[in-house]
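See below for the structure under consideration.
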Amino acid sequence: MKRLVTTTVMAASLSALTLTGCSSTTGTGAVGVDRQQLLLVSSEQVLQLSAQSYAKTIQEARAKRVLDTNTAQLNRLKNIANRLVGQVGVYRPDAAKWQWEVHTIKSNELNAFVLPGGKIMFYSGIIDRLNLTDDEIAAIMGHEMSHALREHSRERLSRQYATQTGIGVAASIFGLSQGQADLANVAGDLGLSRPHSRTQEAEADQIGLELMARAGYNPQAAVTLWQKMQRASQGEPPEFLSTHPASSHRIANLQSLMPKVMPLYQKARR
């Protein structure tokens, strides 16, 4: 059975590779992000889906009267966003022309995201509960903006499509039962999708760190941010079962990048 599952997952990977070539959505910047990406889904498709999702989120928040309730907080976020957006051309010049937006949702949730195309959303809980400084907000925003710049959503959709297609083909060829195909899906998730998501998280940390440094925000704040997140998070799952790196691992990686980004910060501050 183990050999059968391995063969199935390998078939999924081979199917993905034969469907398309690989490319990179961004430049390498100073931190050296140069991984080739599997992109089966078009940018236009992802932008359409994300625009619909963002509009729905805005509509629901407005109906609940929790959208942009704190003007001072919203303006604070917009000022930070403007400085960060001014640096995105380092990775992709077209992103400077995106229709960037910033909104807030009044909620105790520790959450923030940036959808493809530059749609930024912060939940008030992450700012208030963690008592974030501007530098720490820039660390979160830069990280989330980096997901959009690298088109990680598009990449995940592409890999899911390729993996499911590959498993379907393998199930047909090897005559897998439904239970065996389900087991192959689990193996594919743990062996392909989740590690890939952790790779994306690491890339977003790297690019986000450079963006905030170039914008004049202290990169060391990314470390203090994740120390706060580590204290706020309880029952963190084992890293191999999570799409996010363990906080301790993430902090160590961020610290290792400081020699590359601190000169950019010091230059921006002069």
Side-chain angles (χ1 to χ4, degrees), residues 24-35 37 76-77 79-93 95-96 98 100 102 110-116 118 120 122 126-127 130-153 155 196-233 239 242-270:
S24 180
T25 56
T26 60
T28 59
V31 297
V33 174
D34 59 359
R35 180 178 58 86
Q37 299 170 277
R76 182 186 180 195
L77 290 170
N79 288 334
I80 295 170
N82 286 339
R83 286 172 59 177
L84 290 170
V85 170
Q87 307 304 317
V88 297
V90 172
Y91 279 92
R92 51 183 303 169
W98 288 357
W100 293 90
V102 183
L110 297 175
N111 195 18
F113 60 83
V114 178
L115 290 181
I120 301 170
F122 265 72
I126 199 168
I127 300 172
L130 299 184
N131 191 27
L132 297 182
T133 65
D134 283 4
D135 294 293
E136 289 168 339
I137 290 174
I140 294 175
M141 194 179 293
H143 172 93
E144 297 300 330
M145 286 170 63
S146 300
H147 281 306
L149 294 174
R150 281 290 281 170
E151 297 189 61
H152 282 155
S153 296
E155 190 178 9
H196 184 71
S197 294
R198 292 198 295 273
T199 297
Q200 290 182 337
E201 287 297 316
E203 287 180 348
D205 279 348
Q206 290 176 263
I207 296 172
L209 205 63
E210 180 170 351
L211 291 178
M212 67 182 295
R214 289 183 180 275
Y217 292 105
N218 191 343
Q220 294 287 353
V223 174
T224 61
L225 164 69
W226 284 104
Q227 288 170 340
K228 288 181 178 182
M229 289 290 287
Q230 189 175 37
R231 289 192 294 268
S233 301
E239 184 173 350
S242 173
T243 58
H244 288 60
S247 295
S248 58
H249 187 192
R250 172 173 249 148
I251 290 170
N253 286 341
L254 288 168
Q255 289 172 328
S256 72
L257 291 168
M258 291 302 160
K260 291 184 178 180
V261 296
M262 286 304 293
L264 299 175
Y265 167 64
Q266 292 160 358
K267 181 180 179 180
R269 297 294 293 175
R270 286 199 293 267

- [ ] Report the distance from atom CG of L254 to atom CD of Q227, rounding to the nearest 0.5 Å.
- [x] 10.0 Å
Open item on the list: Would you compute the distance between atom CD of E203 and atom CD of E201 and round it to the nearest 0.5 angstrom?
Closed with: 10.0 Å
- [ ] Would you name the heavy atoms of D135 and A221 that are closest together and state the gap between them?
- [x] CB-CB, 3.4 Å
Open item on the list: Run the side-chain contact (heavy atoms from CB on, under 4.5 Å) test against A112 and tell me which residues pass, sequence neighbours left out.
Closed with: F122, I140
Open item on the list: Tell me every residue that passes side-chain contact (heavy atoms from CB on, under 4.5 Å) with A232, counting only those two or more places apart in sequence or in another chain.
Closed with: L110, L130
TODO: Return the set of residues passing side-chain hydrogen bond (donor to acceptor under 3.5 Å, both in side chains) with T28 (not counting sequence neighbours), or none when no residue passes.
DONE: none
Open item on the list: If you compare all heavy atoms of G29 against all heavy atoms of V90, which two are closest, and at what distance to 0.1 Å?
Closed with: CA-CG1, 4.2 Å
Task: For H147, all residues meeting ring pair (Phe, Tyr, Trp, His ring centres under 6.0 Å), sequence neighbours excluded - done: H143, H152
Task: Rounded distance (nearest 0.5 Å) linking atom CG of D205 with atom CZ of R250 - done: 4.0 Å
Task: Candidate list V261, V31, V223, test side chain to side chain contact (heavy atoms under 4.5 Å, CB included), partner L209, passing option - done: V261
Open item on the list: Can you list everything that forms a side-chain contact (heavy atoms from CB on, under 4.5 Å) with A30? Sequence neighbours excluded, please.
Closed with: E210, R214, L264
- [ ] Might you point out which heavy atoms bring P259 and P263 nearest each other, and give the distance in Å?
- [x] O-CD, 3.3 Å
- [ ] In sequence, state the C-alpha distance, the side-chain angles, and the governing distance for L211 and M141, and then conclude on side chain to side chain contact (heavy atoms under 4.5 Å, CB included).
- [x] CA-CA 10 Å; L211 291 178; M141 194 179 293; over 6 Å; no
Task: Under the side-chain hydrogen bond (donor to acceptor under 3.5 Å, both in side chains) test, residues paired with D134 that sit two or more places apart - done: R76
- [ ] Scan M262, E136, M212 and name whichever one has a side chain to side chain contact (heavy atoms under 4.5 Å, CB included) with N218.
- [x] M262
TODO: Report yes or no: does W100 contribute a side-chain atom to a donor-acceptor pair with the main-chain N or O of N82 at less than 3.5 Å?
DONE: no
Task: Value rounded to 0.5 Å, distance of CG in N253 from CD in Q206 - done: 7.5 Å
- [ ] Please name the pair of heavy atoms, one in L84 and one in A138, separated by the smallest distance, quoted to 0.1 Å.
- [x] CD1-O, 3.9 Å
TODO: Would you please test R231 and K228 for side chain to side chain contact (heavy atoms under 4.5 Å, CB included) and show each step?
DONE: CA-CA 5 Å; R231 289 192 294 268; K228 288 181 178 182; 3.5 Å; yes
Task: Interatomic distance, Y217 atom OH to I137 atom CD1 [nearest 0.5 angstrom] - done: 8.5 Å
TODO: Just grab all the side chain to side chain donor-acceptor pair (under 3.5 Å) pairs involving residues 254-268, residues at least two apart or on different chains.
DONE: none
- [ ] Return the minimal non-hydrogen interatomic distance between P219 and A213, and the atom names on each side.
- [x] CG-CB, 3.6 Å
Open item on the list: Distance check, rounded to the nearest 0.5 Å: L77 atom CG versus L132 atom CG?
Closed with: 9.5 Å
Open item on the list: Among residues at least two apart in sequence or on other chains, which ones pass side-chain contact (heavy atoms from CB on, under 4.5 Å) with T26?
Closed with: S24, Y91, R92, L149, R150
